[in-house]
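Have a look at the structure below before the remarks.
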Amino acid sequence: MPKSRIRKKDDFTPPPVKQQNIKLNAGRGWVAPVMLAMFLIGLAWIVVFYVTGGDMPISALHNWNIVVGFGFIAAGFVVSTQWK
């Protein structure tokens, strides 16, 4: 039986590594501080309303102060959708 030819394989050379400049939150550095500020303002608004017995932050709004506080918290969640 005839012998097969032996082919010499080249040594493995890995492909060149591509350098990628990955910037997380590029141009979105404002999102986290604004989101946290909205959450804290909303929480503080509701806590102040309950602690003062409804006299503050705006006494003319009466129980609508709770809606304002939750509005700030909801705005924080809306801002959080921009976070990458």
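No hydrogens, no waters, no symmetry mates; every other heavy atom, side chains included, goes into these values.
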*Leu61 and Val68: which non-hydrogen atoms are nearest, and at how many Å?*
CD1-CG2, 4.0 Å
*Show your working on side-chain contact (heavy atoms from CB on, under 4.5 Å) between Phe70 and Ile66 and close with a plain yes or no.*
CA-CA 6 Å; Phe70 277 113; Ile66 297 170; 3.6 Å; yes
*Should Met38 and Trp83 be counted in the same cluster of Ile, Leu, Val, Met, Phe, Trp and Tyr side chains packed under 4.5 Å apart?*
yes
*Give the cluster check for Leu43 versus Trp64: same hydrophobic cluster or not, with ILVMFWY residues linked at side-chain heavy-atom distances below 4.5 Å.*
no
*Residues two or more places apart in sequence or in another chain: which of them pass side-chain contact (heavy atoms from CB on, under 4.5 Å) with Val48?*
Thr52, Met56, Pro57
*What distance do Leu40 atom CG and Ile73 atom CD1 have between them, rounded to the nearest 0.5 Å?*
9.5 Å
*Over all heavy atoms of both residues, which pair between Pro33 and Gly29 is shortest? Give the atoms and the distance, please.*
CD-O, 3.3 Å
*Side-chain heavy-atom pair Trp45, Ile58 within 4.5 angstrom cut-off*: yes
*Mind listing the closest non-hydrogen atom pair of Met35 and Gly76 along with its distance?*
CG-O, 3.5 Å
*Are Val31 and Phe77 co-members of a hydrophobic cluster defined by side-chain heavy atoms under 4.5 Å apart?*
yes
